[in-house]
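Treat the numbers as computed from the prediction; the structure is a model and nothing was measured. Reckoned from all heavy atoms, side chains included, excluding hydrogens, waters and symmetry mates.
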Amino acid sequence: QVQLVESGGGLVQAGGSLRLSCAASGGTFRTYAMGWFRQAPGKERESVAAISRNARNTYYLDSVKGRFTISRDNAKNTVYLQMNSLKPEDTAVYSCAGKSVGFYSGAYAYTGNHDYVYWGQGTQVTVSS
């Protein structure tokens, strides 16, 4: 049974930084494409960043480009989201998601909610002004 557990959320002032971590267990992490999503109150969940199985391709939501960085460490079964220059509008529950993909799909960074099979429970990020 695959489990994804996020950590690293919290309260930060505008302009500050946080690094979210998502640790995977129960599966073969190196075969997973991974993504980070967020959902603010009253809004739909949106894809923030994604990374392909082979880590060669990434995706970022336009509003976070240049501020957020997604990365993965297969040795630690972990995907990270480094968030810099945080803004109040980044406040949301952040969740990681994963799916196992075959070798020939290893270059795709998936962005759709329905693309992913495994989900973490989410971690709250609150940015004060």
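In this structure, Ser7 OG and Leu20 CG are separated by 8.0 Å, a value rounded to the nearest 0.5 Å. Between the CG atom of Asn74 and the CZ atom of Arg30 there is a distance of 8.5 Å, given to the nearest 0.5 Å. The CH2 atom of Trp119 sits 11.5 Å away from the NZ atom of Lys99 when rounded to the nearest 0.5 Å. Here OG1 of Thr58 is found 9.5 Å from NZ of Lys65. Values are rounded to the nearest 0.5 Å. The CD1 atom of Ile51 lies 13.0 Å from the SG atom of Cys96; values are rounded to the nearest 0.5 Å.
Scanning both residues, Pro88 and Ser129, for their nearest heavy atoms gives CG-CB, 3.9 Å. Nearest heavy atom pair, residue Ser47 against residue Tyr59, reads OG-CE2, 3.4 Å. The two residues Met34 and Cys22 come nearest to each other via the heavy atoms CE-SG, 4.2 Å. What you find for Gly106 and Ser52 is that their closest heavy atoms are O-CB, 3.2 Å. When every heavy atom of Leu4 is checked against every heavy atom of Ala24, the shortest pair comes out as CD2-CB, 3.5 Å. Closest approach of Gln82 and Ser17 over heavy atoms only: NE2-CB, 4.0 Å.
Residue Val125 is not grouped with residue Tyr80 when hydrophobic side chains (ILVMFWY) are merged at heavy-atom distances under 4.5 angstrom, including chains of intermediate members. At a threshold of 4.5 Å between side-chain heavy atoms, the hydrophobic network of Ile, Leu, Val, Met, Phe, Trp and Tyr places Phe68 and Val127 in one connected group. Residues Leu86 and Val48 share a single hydrophobic cluster, defined by chaining ILVMFWY side chains whose heavy atoms lie under 4.5 Å apart.
Judged by distance alone, the side chain of Asn57 and the main-chain N or O of Ala109 form no donor-acceptor pair under 3.5 Å. Of the possible donor and acceptor atoms, one in the side chain of Glu6 sits under 3.5 Å from a partner among the backbone N and O of Gln121.
Side-chain contact between Phe29 and Lys76 is absent, with no heavy-atom pair separated by less than 4.5 Å. In this structure, the side chains of Gln124 and Thr91 come closer than 4.5 Å at one or more pairs of heavy atoms. Side-chain contact between Phe37 and Val93: absent, with no pair of heavy atoms (C-beta onward) separated by less than 4.5 Å. Within the 4.5 Å cutoff, side-chain heavy atoms of Asn113 are placed close to those of Arg45. Contact of the Leu81 side chain with the Arg19 side chain is not registered, since no non-hydrogen atoms from C-beta on lie closer than 4.5 Å.
Evaluation of the side-chain hydrogen bond (donor to acceptor under 3.5 Å, both in side chains) test over residues 32-42, restricted to residues two or more places apart or in two chains, returns Arg38-Glu46, Arg38-Asp90, Arg38-Tyr94.
Between the side chains of Ser100 and Thr31, at least one donor N or O lies within less than 3.5 Å of an accepting N or O.
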Evaluate the side-chain hydrogen bond (donor to acceptor under 3.5 Å, both in side chains) criterion for residues Thr78 and Asp73: first the C-alpha distance (whole Å), next the side-chain angles of each, then the deciding distance (0.1 Å), finally the verdict. CA-CA 5 Å; Thr78 301; Asp73 185 340; over 6 Å; no

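For the pair Arg53 and Tyr108, the cation-pi test (distance below 6.0 Å, angle within 45°) is failed. In this structure, Arg67 fails the cation-pi test against Tyr60, since its NZ or CZ atom is not both closer than 6.0 Å to the six-membered ring centre and inside 45 degrees of the ring normal.
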